[in-house]
Amino acid sequence: MDVAELLADLNEPQRDAVAAADGPLLVLAGPGSGKTRVLTHRVAYLVAVGRVEPWRIMAVTFTNKAAREMRGRVQALVGQEALHRLTLGTFHAICARLLRVESEAMGRDPDFVIFDQDDQLLVVRRAMQELGLDDKRLAPRSALGAISAAKCELIGPGEYGGSTYVHELIGRVYDRYQRLLRASNALDFDDLLVDAARLLRHNEEVRRRYRRRYRHVLVDEFQDTNTAQYVFVKTLVGADEPDAPRNLFVVGDEDQSIYRWRGADYRNVERFRRDFPDAGVVLLEQSYRSTQTILDAARAVIDRNERRTPKKLWTQAGTGAPLSVFEARDGDEEAAYVAGEIERAARSGARHGEFAVMYRTNAQSRALEEAFLRRGIPYQLVGATRFYDRREIKDAIAYLRLTQNPLDEVSLGRVINVPPRGIGARSWQALSALAADLGVPRWTALQAIAAGEPAGAAQRIDARMAKGLAAFHAVLQDLHEARERLPVGELLDFALDRSGYRDWLRDGTEEGDDRWANVMELHAVAADVGGLVPGEGLVDLLQSVALVSEVDDLAEVAERVTLLTLHAAKGLEFPTVFLVGLEEHLLPHSRSLDDGEALAEERRLFYVGLTRARSKLHVTHASRRNLFGRPEPRERSRFLDDLPQRLVHGRGGSRAGRAGRSDSRFLDTRWERSPATPPPRPAGGAGRVAAAGAGFGPGDKVCHPTFGLGVVVSSVDLDGDTQVTVAFVGAGVRKLLQSYAGLKRA
DNA sequence: TGTTAACTTATTTTT
DNA sequence: TAAGTTAACA
């Protein structure tokens, strides 16, 4: 491919970026301005024109999906062979690989496993338990949040400080947490980034080696990098050292930074400009996605944010239709409106796949789903099915993790008695006590027991316990030995067989069969990864399994309306978009009202939603909405007031906006004046009685809007409320439902 | 080991 | 209100 061809279908600023000379470059790319295009063409340009060998290029994305898309597009430009040698992947995947290769320099075992959020939470709980901390005083979840935030800022447990008591507590938990991770030979998501950054920073030999190799580093979604990620790439290319390559090509949009709460800091854009003062800056302002009306509306909203490079997005697509703003009486009417509009459009030829409905919180999907079900409109809910969260999948993976790394105590605790093999809480406690006594990992203690070594004198491990534990040890031992002998697909078969898991799971029930089918799906993935090569695939399978997300496999062809949160919507586009719930306390969310930065992020979230639309945008809000069962009056979102009148179809403009604003004072006074106003009538009371009267009994097949098909196991009347236990077929979970919300006979 | 009753919590979730 | 979690119970 020659230069002319490569640059032919780019606009001028895109070309400036793609064909830029060596050195740092910042590309600020508005929504729909072709940022992936610029990235992929830049890679192709470096290879084809700059004669850079592909293995000297690293391209980093945030999601597997983005990496996959980029891979496809780069391949089309430079061919399969060059692509193969390119380093292209997510931050986490690239760092994980680096850490495995450099495990020696890290003083670590290369067989480390990666702990996901559930695992992390278990470790935090265990840490707090060991420290004797009450989880009511400090919620494990918030402790984990604080630890993660510290990590992203590259603050280690030793440096974690703070004046308050809670800080002190968290510091101790953090320290213990890291020790537990290390004892399990495990890294959490954050460690992957943190350790990679530290390694480059503090190990001169490694740093030099990687700098010599990677002459060009490209980063996608740069506004969403956290400190650890920024330090990683900055150290890799070197900011001011004389021998450093300094070829850092970053693409991002400050206005689309919506992961602050995950440690992302769009101010890395400012840092970049400070650290690389000679960096070129390219602005991509031409949109190939939306109409001018949508772009203008989005701009009016986002221009109210500070600390950003103002962009004026434009398009050749034409003005397009005005926005519609609809005020519903309540959430149900809002949902009915959305469903009705879609049905109407579908009748005149629109395909369901052209529509997306976006909301701030997952809870909002419920009303929408019900409205769609009622009208028979096909929809898909993004993020609803988590394959890798299913119990049977987690169990199977736990066995594989133990095969790779028997020190993994989370997995050990998970499957030591699954299937039941007589190792109950007592045995686990005895094992733990012995391990603690000897100061060794549980795995080592297990080995000692299996070898019949004098069980720690003080511990009471009777013969029966010892027998059970020894039997489990034998299972792990066999798995470990099979590791080099079998490709990972067969290894999984062996694990399921040897552990007795398969026979236990396939108990002849329908549910058992379904779960087994899921395991077989995992098996297909494993066979694919490992192929037929003995010893192959285990590390890769576990790594990819740990690093996938749900949005990754969003079916794009599905002819269904897509329902998704604003966060999940980033990077996507649809011809018609509905943004629902534009109300104070929802968007902006109540948790962000007293924090300017958080409020700015809510605004960006709205901006992201607005700019997902290609041609038609509907915005809705409700004047009352059921909150925790109670209908509450709702005030329209302040963001609606920022939509220019001229772009909005019909009414619902500034007049209503002003009314909405003064409403707040009205509400306040009314609330103050009569706090004892009788509560509004309970919504749908009659409906609930009727539902209860319908009386589901054991054996009834039912359908739940969230969990799908299930069978009622038992039902109990308590206090006018009914509690049913339902086994859900697809999800393979047993659930208690203390109401009948949306439950139907199937 | 599963069931039942009570308690508690209620954003977003790229990896 | 709904759903997740847990403690008590059989």
Side-chain angles (χ1 to χ4, degrees), chain A residues 60-67 89-96 114-117 120 135-136 139 141 145 148 152 187-193 220-221 223-226 228-229 256-264 358-364 366 382-383 386 388 417 420 424-425 543-552 564-571 581 585-592 598 601-602 604-605 608 626-631 682-685 688 698 704-707 713-719 721 723-725 727 733-743:
Chain A
V60 200
T61 64
F62 271 81
T63 64
N64 293 304
K65 191 173 165 231
T90 64
F91 267 109
H92 290 81
I94 287 175
C95 288
I114 299 167
F115 275 6
D116 67 16
Q117 202 164 7
Q120 288 176 274
D135 61 6
K136 290 204 176 61
R141 218 168 261 286
S148 175
C152 293
L187 298 181
D188 67 17
F189 284 146
D190 301 319
D191 286 336
L192 296 174
L193 310 171
D220 190 14
E221 305 277 18
Q223 78 284 352
D224 282 332
T225 49
N226 60 35
Q229 288 162 330
Q256 292 185 68
S257 170
I258 54 174
Y259 286 101
R260 194 178 81 107
W261 45 275
R262 292 285 274 123
M358 302 174 187
Y359 37 80
R360 178 68 237 265
T361 70
N362 277 313
Q364 292 172 258
R366 168 58 70 78
V382 175
R386 300 177 177 215
Y388 290 105
N417 200 32
Q543 185 153 307
S544 63
V545 158
L547 301 181
V548 292
S549 75
E550 302 98 65
V551 216
D552 279 340
L564 72 181
T565 63
L566 287 163
H567 283 91
K570 193 159 86 153
H585 294 97
L586 208 47
L587 187 64
H589 196 272
S590 30
R591 298 252 176 139
S592 62
E601 179 142 319
E602 296 288 309
R604 293 195 289 268
L605 213 39
V608 166
N626 285 350
L627 277 190
F628 309 144
R630 284 261 126 94
R688 279 210 32 211
H704 187 277
T706 307
F707 306 114
V713 179
S714 67
S715 73
V716 192
D717 238 33
L718 48 113
D719 202 37
D721 220 344
Q723 174 172 307
V724 287
T725 306
V733 279
R734 219 156 247 257
K735 272 211 145 12
L736 290 178
L737 296 175
Q738 300 206 348
S739 80
Y740 284 108
L743 201 64

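Lettering follows sequence order; numbering is per chain, from 1.
- Stacking is not found between A:His567 and the pyrimidine-like six-membered ring of the B:dT13 base under the 5.5 Å centre-distance and 30° plane-angle cut-offs.
- What separates CG of A:Asp188 from C1' of B:dT13 is a distance of 15 Å, to the nearest Å.
- One interatomic measurement links the two molecules: CZ of A:Arg262 to C1' of B:dT11, which rounds to 13 Å at whole-angstrom precision.
- Among the heavy atoms of the strands lying under 4.0 Å from A:Asp224 is at least one base atom, whether or not backbone atoms are also near.
- Using a 4.0 Å heavy-atom distance criterion, A:Gln120 is classed as making no nucleic acid contact.
- Listed candidates were C:dA3, C:dT1, B:dT13. Nearest to the side chain of A:Phe628 is C:dT1.
- In terms of modelled atom types and a separation under 3.5 Å, the side chain of A:Glu602 and the main chain of A:Ser592 share no donor-acceptor contact.
- An OP1 or OP2 oxygen of B:dT14 is reached within less than 4.0 angstrom by no side-chain nitrogen or oxygen of A:Thr90.
- A:Leu627 places its CG atom 13 Å from the P atom of C:dA2, with the value rounded to the nearest Å.
- Taking atom CZ of A:Arg260 as the reference point, atom C1' of B:dT13 lies 15 Å away to the nearest angstrom.
- When all heavy atoms of A:Ser257 and A:Arg604 are compared, the pair lying nearest together is O-NE, 2.6 Å.
- Going from atom CZ of A:Arg366 over to atom P of C:dA3 covers 5 Å, rounded to whole Å.
- A residue-by-residue look at A:Leu192 and A:Asn417 shows that A:Asn417 has its nearest nucleotide of DNA chain B further toward the 5' end.
- Under the ring pair (Phe, Tyr, Trp, His ring centres under 6.0 Å) criterion, A:His567 pairs with A:Tyr259, A:Trp261, sequence neighbours left out.
- For the ring pair (Phe, Tyr, Trp, His ring centres under 6.0 Å) test, no residue two or more places apart in sequence or in another chain qualifies with A:Phe115.
- Of the P atoms belonging to B:dT12 and C:dT5, the separation is 15 Å, rounded to the nearest Å.
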Note to self: Checking A:Asp224 against A:Gln229 for the side-chain contact (heavy atoms from CB on, under 4.5 Å) test, could you report, in this order, the C-alpha distance in whole Å, the side-chain angles of both residues, the deciding distance, and whether it holds?
What the structure shows: CA-CA 9 Å; A:Asp224 282 332; A:Gln229 288 162 330; over 6 Å; no
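- Spacing between atom OH of A:Tyr259 and atom C1' of B:dT11 amounts to 12 Å, rounded to whole angstrom units.
- Comparing the P positions of B:dT13 and C:dG4 gives a spacing of 16 Å, expressed to the nearest Å.
- Position along DNA chain B of the nearest nucleotide to A:Ala546 versus A:Asn362 favours A:Asn362 as the more 5'-ward residue.
- Distance, A:Arg141 CZ to B:dT11 C1': 12 Å, rounded to whole Å.
- Judged by centroid separation below 5.5 Å and plane tilt below 30°, A:Trp261 stacks onto the base of B:dT12.
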